Amino acid sequence: MSVDVCELVRLRSRHPEAVAEAAARRTRRPLLNDTGRLMIVAADHPARGALGAGGRSLAMANRADLLERLCLALSRPGVDGVLATADILDDLLLLGALDGKVVMGSMNRGGLQGARFELDDRFTGHRPEDIERLGFDAGKLLLRIDYDDPGSLTTLESTARAVDAMAARRLPVFVEPFISRRDGTGRLRNDLSAEAVTRSIAIASGLGGSSAYTWLKVPVTDNPDDMAEVMATSTLPAVLLGGEVGGSAEEQAGAYEKWRGALQLPTVCGLVVGRSLLYPADGDVAAAVDTAVGLL
């Protein structure tokens, strides 16, 4: 579909209540369908200042283009829903693109990419009460832990309280954990070794007073063959994240193969993938999304 930016601006400026009205009208569905599998398209990167995709540093900076890509992805068979921040979800509500879809609100985006305070990842996005008020279906939060950075403790505690608040509302929350560290240039890197991912899963699984509504959102390890042992760390349901995929067709194909194997594991229920599907190497969003759906 073609996005009419002028119409979005008109609604936002003259009828801001239209967002809440669209949320109230939205047709809802269960988190999982009959297959028990979940395919979610992620677009919460811009709010953390992470605008790059496929080798282009500002690929996600054009909002109309991003919305058109999202609407196309959401229209493909087998796509269950979207993960995004309030600004993007509000646009999608106004566009009528979220009927019958799973809607996940992104909760903490304060750890801006490249900032010195990146690991003090404050909850600057959706609050549990916002997700409940808007009738959304789940929340997602990012938990990066650097044993050498005190900011990680703030995020860890805030995450536990968010898990509690979501469980009190009987709302699923997807926790995306990493063990992270800064390299010699000060850039934050996520450790995807089997040991690090195992530790991150163990830590995330134990947060809060109840894990009844907690899901995990996990990366595929550097060596995909390690995933069976890594995922044995917890009985919580999990989805795979897409992560950063290079700009070549070969790298995209390699990502698909990594996901294919991990999706066979008993706790892995689906995919939450963003940039690699919205900005594929060949530019064909529909084909990229269809390929990912086919892995399920």
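In this text, all values refer to a predicted model and were calculated from it rather than measured experimentally.
- When all heavy atoms of Glu68 and Ser2 are compared, the closest pair comes out as OE2-CA, 3.7 Å.
- Here Arg76 contributes atom CZ and Leu74 contributes atom CG; the two are 12.0 Å apart, rounded to the nearest 0.5 Å.
- Ionic pairing of Arg199 and Asp191 is not present here: no N-O contact between side-chain nitrogen and carboxylate oxygen is shorter than 4.0 angstrom.
- Looking at heavy atoms from C-beta onward, Ser200 lies out of side-chain contact with Phe178 at the 4.5 angstrom threshold.
- Counting only heavy atoms from C-beta outward, the side chains of Leu89 and Val103 approach each other to under 4.5 Å.
- Across every non-hydrogen atom of Asp164 and Gly209, the tightest pair is OD1-N, 2.6 Å.
- Interatomic distance, Lys217 NZ to Leu240 CG, rounded to the nearest 0.5 Å: 10.0 Å.
- For Glu257 (side chain) and Ala253 (main-chain N/O), no donor-acceptor pair under 3.5 Å exists by modelled atom type.
- The backbone N or O of Ala288 lies less than 3.5 Å from a partner atom in the side chain of Tyr256, making a donor-acceptor pair.
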Next item on the list: List the steps and the verdict of side-chain hydrogen bond (donor to acceptor under 3.5 Å, both in side chains) for Asp44 and Ser106.
Entry: CA-CA 6 Å; Asp44 60 341; Ser106 187; 2.8 Å; yes
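- Heavy-atom minimum distance, Gly105 versus His126: CA-ND1, 3.3 Å.
- Val175 and Met231 end up in the same hydrophobic cluster when Ile, Leu, Val, Met, Phe, Trp and Tyr side chains are linked at under 4.5 Å.
- Side-chain heavy atoms closer than 4.5 Å link hydrophobic residues (I, L, V, M, F, W, Y) into clusters, and following such links, possibly through other members, connects Leu67 to Leu58.
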Next item on the list: Begin with the C-alpha distance, continue with both residues' side-chain angles, and end with the deciding distance and a verdict on salt bridge (charged side-chain N to carboxylate O under 4.0 Å, His left out) for Arg109 and Asp121.
Entry: CA-CA 7 Å; Arg109 298 281 84 187; Asp121 204 347; 5.4 Å; no
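- Within the 4.5 Å cutoff, no side-chain heavy atoms of Pro177 are placed close to those of Ile145.
- Residues Pro77 and Val293 have side chains not in contact (no heavy-atom distance under 4.5 Å, counting atoms from C-beta outward).
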Next item on the list: Could you walk me through whether Leu236 and Thr267 pass the side chain to side chain contact (heavy atoms under 4.5 Å, CB included) test, one step at a time?
Entry: CA-CA 7 Å; Leu236 297 184; Thr267 61; over 6 Å; no
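- At a threshold of 4.5 Å between non-hydrogen side-chain atoms, the residues Met60 and Arg275 count as touching.
- Side-chain contact between Met107 and Val173 is present, with at least one heavy-atom pair separated by less than 4.5 Å.
- The backbone N or O of Ser276 sits less than 3.5 Å from a side-chain atom of Gln252, completing a donor-acceptor pair.
- The pair Arg181-Asp146 fails the salt-bridge criterion, with no side-chain N (NZ, NE, NH1 or NH2) lying under 4.0 Å from an Asp/Glu carboxylate O.
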Next item on the list: Decide yes or no on salt bridge (charged side-chain N to carboxylate O under 4.0 Å, His left out) for Asp4 and Arg10, but give the supporting numbers first.
Entry: CA-CA 10 Å; Asp4 186 343; Arg10 187 191 70 80; over 6 Å; no
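- There is no path of hydrophobic side-chain contacts, each under 4.5 Å, that joins Leu38 to Leu296.
- Between Leu32 and Arg37, the closest side-chain pair of non-hydrogen atoms is not below 4.5 Å.
- Here Arg48 pairs with Glu118 in a salt bridge; the nearest charged N to carboxylate O distance falls below 4.0 Å.
- Side-chain atoms of Arg26 come within 3.5 Å of backbone N or O of Gly135 as a donor-acceptor pair.
- The existence of a salt bridge linking Asp80 and Arg29 is confirmed by a sub-4.0 Å separation between a basic side-chain nitrogen and an acidic carboxylate oxygen.
- Pairing each heavy atom of Ala262 with each of Met227, the nearest pair is CB-CE, 4.2 Å.
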Next item on the list: Begin with the C-alpha distance, continue with both residues' side-chain angles, and end with the deciding distance and a verdict on side chain to side chain contact (heavy atoms under 4.5 Å, CB included) for Thr214 and Phe174.
Entry: CA-CA 6 Å; Thr214 304; Phe174 288 67; over 6 Å; no
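- In this structure, CZ on Arg69 lies 7.5 Å from CG on Leu278, to the nearest 0.5 angstrom.
- Of all heavy-atom pairs spanning Asp282 and Asp284, the tightest one is OD1-N, 3.0 Å.
- Proximity of Phe117 to Leu119: side-chain heavy atoms (C-beta onward) are nowhere separated by under 4.5 Å.
- Asp137 and Arg28 are joined by a salt bridge, as a carboxylate oxygen and a charged side-chain nitrogen come within less than 4.0 angstrom of each other.
- Enclosure of atom CD in Glu7 by more than 12 non-hydrogen atoms of other residues, nucleotides or ligands within 6.0 angstrom is indicated.
- Tracing side-chain contacts under 4.5 Å through hydrophobic residues (I, L, V, M, F, W, Y), one reaches Leu92 starting from Val19; they form part of the same cluster.
- To the nearest 0.5 Å, atoms CG (Leu112) and CZ (Arg122) are separated by 11.5 Å.
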Check: Could you go step by step and tell me if Ile131 and Met166 meet the side chain to side chain contact (heavy atoms under 4.5 Å, CB included) rule?
Finding: CA-CA 9 Å; Ile131 295 171; Met166 292 292 281; 4.0 Å; yes
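- No side-chain donor-acceptor contact under 3.5 Å links Asn223 and Thr221.
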Margin query: With side chain to side chain contact (heavy atoms under 4.5 Å, CB included) as the criterion, how do Val79 and Val289 come out once you've worked through the C-alpha distance, each side chain's angles and the decisive distance to 0.1 Å?
Written below: CA-CA 8 Å; Val79 173; Val289 171; 3.3 Å; yes
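- Of all the heavy atoms in Ser211 and Ser205, the pair that sits closest is CB-O, 4.0 Å.
- Linking Ile, Leu, Val, Met, Phe, Trp and Tyr whenever their side-chain heavy atoms come within less than 4.5 Å leaves Tyr213 and Val102 in two separate clusters.
- Using modelled atom types and a 3.5 Å distance limit, the side chains of Asn190 and Ser180 yield a donor-acceptor pair.
- Separation of atoms NE2 (His15) and CG (Leu94) is listed at 11.5 Å; rounding is to 0.5 Å.
- Across Leu241, Val239, Leu143, a single residue satisfies side-chain contact (heavy atoms from CB on, under 4.5 Å) together with Glu176, and that is Leu241.
- Separation of atoms CG (Leu66) and CD1 (Ile88) is listed at 5.0 Å; rounding is to 0.5 Å.
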